[in-house]
Amino acid sequence: MTDTLPPRTADLPAQWNPGEVEGGMYERWVEAGYFTADAASDKPPFSVVLPPPNVTGSLHIGHAFEHTLIDILVRRRRMQGYETLWLPGMDHASIAVHTLVEKALAAEGTSRRELGREAFIERTWAWKAEHGGAILAQMRRLGESVDWSRERFTMDDRSNRAVRTIFKRLFDDGLIHRAERMVNWSPDLGSVLSDIEVEHREVEGELVSIRYGDGPDALVVATTRVETMLGDTAVAVHPDDERYAHLVGREIELPLAGRMIRIVADTHVDPEFGTGAVKVTPAHDPNDFEIGRRHDLPMPTIMDESGRIADTGTEFDGMDRFEARVAVREALRSQGRIVAEKRPYLHSVGHSSRGRKEPIEPRLSLQWFVKVGPLAEAAGDAVRSGDVTVHPKELEPRWFGWVDNMHDWCISRQLWWGHRIPVWYGPAGEVVCLGPGEEPPTGWTQDEDVLDTWFSSALWPFSTLGWPESTPDLEKFYPTSVLVTGYDILFFWVARMMMFGLYAMDGRRPFATVSLHGMVRDQSGKKMSKSAGNTVDPIVWMDAYGTDAVRFTLARGANPGTDVPIGEDAVQASRNFGTKLWNATRFAMANGATPALPLPAHPTDADAWTLGRLREVQQQTDALLEDYQFAKAIEGLYHFAWNEFCSWYIELAKPQLAEPGTADGTRGVLGHVLDALLRMLHPVTPFITEALWQGLTGGESVVVAPWPVDAGAPVDEAAARRVTDLQKLVTDIRRFRTEQRVPDSRRVAARLTGLHEAGLGRHAGAIGSLVRLDAPSAGFAPTATVEVALAAGTVHVELDTSGAIDVGAERARLGRDLAAAQKELDQADRKLGNPKFVDKAPADVVHGIRARRATAAADIERVAARLAALPS
RNA sequence: GGGCGCGUAGCUCAGCGGAAGAGUACUCGGUUUACACCCGAGCGGUCGCAGGUUCGAACCCUGCCGCGCCCA
């Protein structure tokens, strides 16, 4: 046990110093075993897997956001008595790590080929041991209540066993196969990428029109990729296009290459675009590939794996694709075949989302694929049937749009860091897929490729619990309760977990709920990016304002599925809130507040109001958190804590504490409300609430304190109304004082009449202390009167402001009141003057408008009289 | 090109059929025994535009304009 925290309230320091306390506090929680799940427990389970961050990564603001939200859910459930498991771990990030190590090797003047596969992988594990997982320490800093005893890695042995088990099962079911297809090729990586690793971006290119053939039957085709003409095997036109009908079936000479190519008719061609004739390069364009298949065209590959022109037998062989684009264009120009050029020509080009983000190259290639049809259908059905719910519901269409139109998933990568494809080839061309523990015959060779990183991530919710073994963890904690992640990763990851989870676990969903959050943006709502220079390091803010302030800010902005803009101002405001809580608790403790005292048998109006509000806030917080509405839940707590409890109850408590009859009750109420409030805030701001709660209650730890149920007391409507009236009265008198420029510090003699009739008779003292009024002495000579209309009557406040009042200011104040009342009256009259309204609107609405009209009319009369009474 | 979503106070966002809200920023005034990381008061909006439905529209429908994202 560390002793970073003072054991008792009296020693609560004047200031909260997060930096000095947080670290020790976190380690104590871990040592106490609060975060360690027990699979043998009788408690109901609540389990979450951490979306595994890349082993290369460090904690950025997006992680901090997501992890905070998960921690809020987990900490609350823990307090509610669930057996909670939040399982941490990291992703092996195949491409990122592979690239990183290759770069390091290049810097040393060597390469992975030179090193060899085994040494390369050894080297990569060494890199991981030395540099990987920086994020884990930062997660501790953020206070995440994860179970470190269950930390996992997507490339550890158990993950590998899960990967090989499911691969074999899919293979045997005919859901994994090898095929030559059009794929997204990254010449930079020398590997294929899946569709979702490709980003389409508008770029300024060129549209070049080229004349094929000569004479009257020449055709003009337009292209943004001149260099691919070397691989053309046809020109296509629309079958209904009369301009070209006579040419279909004939051949035409391909310039530069000198080959004869066919002219085919295909409905894919848009006759409106360009000349209505298009060149067809089946091996280097997905659409052309389809045309090629339909017409049985040859599919020569004219580019090698590094993106250089190859095997065309022309002078262009060996040129880089971009170099070749210019060279081919100029060669055509010199032959007089360039008919038109449009530059810049804006069009969409697929780019790699990895590595150098270069344009991807569509390429015909032999790869492994998962046949997603039946898997994706099951993933869609799980949401359609309500077995899995998506929060917020508005994002469901996005889910269906994806899973219902999913393309087969290319899972092989021409890399070395990753799970190697468990398929072996025999000397006579045999192919065998082996499960874990199975050995290939000697002399057989394993497939060279590794699996897409997302293949192992897709197993995360059950591979981490021990699958394929039937373990106690799997038994207790599968399916997981909720998956919290960003909408940007819905398809990368969530869809695949759903497919594999349902498949591997015989139809049992991997999680009951998907709660989607947005992206963290900068304070003006812009996407954060390194290039824009608007990224923020959450650690820097934690250093400056404390971890709780950062967490509070992030969670406070978390409206479901929408982005959260965040700036330093907001973090400061959160820090200020913490300070407010700190000081309020210190005040309460200094006055002997403790939840150990019973609530008063005869609560004052202020007591009853606060306890009633606490009950309402607690119920509202529960409802909102159950619905993953973090922002609203936290806003409610913030408002109650600051604007109601601190601003009003504590102020009203001061006179109550001075009164022997109410002092003990007030201590009990202060202690009770703070106790519940601190417990409700703990999931969001774990550190400061721990310090305060331990101080206030002397309890072991708020981490394992029970979540408040039936906090406070049922609402006392009458008491609540009197407090509302009191607030209105106090605010109006303050307004008068401010506008008459009576300094806040100056006490003013005043006579209040009508207080008893308004039901506020018992509050005269409190009002006096809140507005700094003194009882009138002999010879009291009021210089001004303020009238405040309340629910049960109007209170007249006569004040001696010691001298003439500022008539202009008073006239302005009353004028504004009058205008507001007049506007109200006009609105009401307009509605009531409409017979259709009175006829058709519900009775309670009409009644409400009549009541408003009546108050407005009374206000006008009263204020007008006051205005008239003002000296001119 | 197809789909989804968004345009509400200077800024960031709630509200989604019956009186325009919050935080922040801003203005003014404050050494009131918890707190200046504070207290008190205030300013600020034809709810993108144009039609329609309705007794009633920020809210429902249609079109337009502007912005974002996803997919091709």
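In what follows, chains are A, B, ... by sequence order, proteins preceding strands, each numbered from 1.
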task = Look at the side chain of A/Gln827 and decide which nucleotide, out of B/G23, B/A20, B/G18, has an atom nearest to it.
result = B/A20

query = Which part of the nucleic acid, if any, lies within contact of A/His847, taking any heavy atom under 4.0 Å across all strands shown: a base, the sugar-phosphate backbone alone, or nothing?
reply = nothing

inquiry  = Nearest whole Å is fine: how far is B/C6 C1' from A/Leu395 CG?
reply    = 13 Å

query = Please give, in whole Å, the distance from B/U54 P to A/Asn834 CG?
reply = 14 Å

ask   = Would you call the rings of A/Phe65 and A/His517 parallel, tilted or perpendicular, where under 30° means parallel and over 60° means perpendicular?
value = perpendicular

query = How far, in whole Å, is B/C60 from B/U8 if one measures between their P atoms?
reply = 15 Å

ask   = Do the rings of A/Tyr638 and A/Trp642 sit parallel, tilted or perpendicular, given the 30° and 60° boundaries?
value = tilted

request  = Provide the full list of ring-ring contact (aromatic ring centres under 6.0 Å, His included) pairs with a residue in residues 823-853 of chain A, sequence neighbours left out, each pair given once.
outcome  = none

message = Assess the residue pair A/Asn576 and A/Gln572 against the criterion (side chain to side chain donor-acceptor pair (under 3.5 Å)); give the C-alpha distance rounded to whole Å, side-chain angles, the decisive distance to 0.1 Å, and a yes or no.
response = CA-CA 6 Å; A/Asn576 295 351; A/Gln572 270 178 30; 5.8 Å; no

ask   = What integer distance in Å separates A/Leu825:CG from B/A19:P?
value = 17 Å

query = A/Pro835 near the nucleic acid: base, sugar-phosphate alone, or nothing, with a heavy-atom cut-off under 4.0 Å?
reply = nothing

request  = Verify the contact: side-chain N or O of A/Lys632 to OP1 or OP2 of B/C13, cut-off strictly under 4.0 Å; return yes or no.
outcome  = no

task = Dot-bracket for RNA chain B, please, read 5' to 3', with Watson-Crick or G-U wobble pairs under 3.5 Å on both distances, ( ) within the strand, [ ] crossing, | other strand, . unpaired.
result = ((((((((.[[[[.)..(..]]]].(((((.......))))).....[[[[[..)....]]]]]))))))).

message = Just the rounded figure in Å: distance from C1' of B/G45 to NZ of A/Lys823.
response = 10 Å

request  = Would you mind classifying the nucleic acid contact of A/Asn559 as base, sugar-phosphate or nothing, using non-hydrogen atoms under 4.0 angstrom?
outcome  = sugar-phosphate

query = Which nucleotides of nucleotides 34-39 of chain B have their base under 4.0 Å from a protein heavy atom (B), which only their sugar-phosphate (S), and which neither (-), written as one string 5' to 3'?
reply = BB-BSS

inquiry  = How many whole angstroms separate atom CZ of A/Arg741 from atom P of B/G42?
reply    = 14 Å

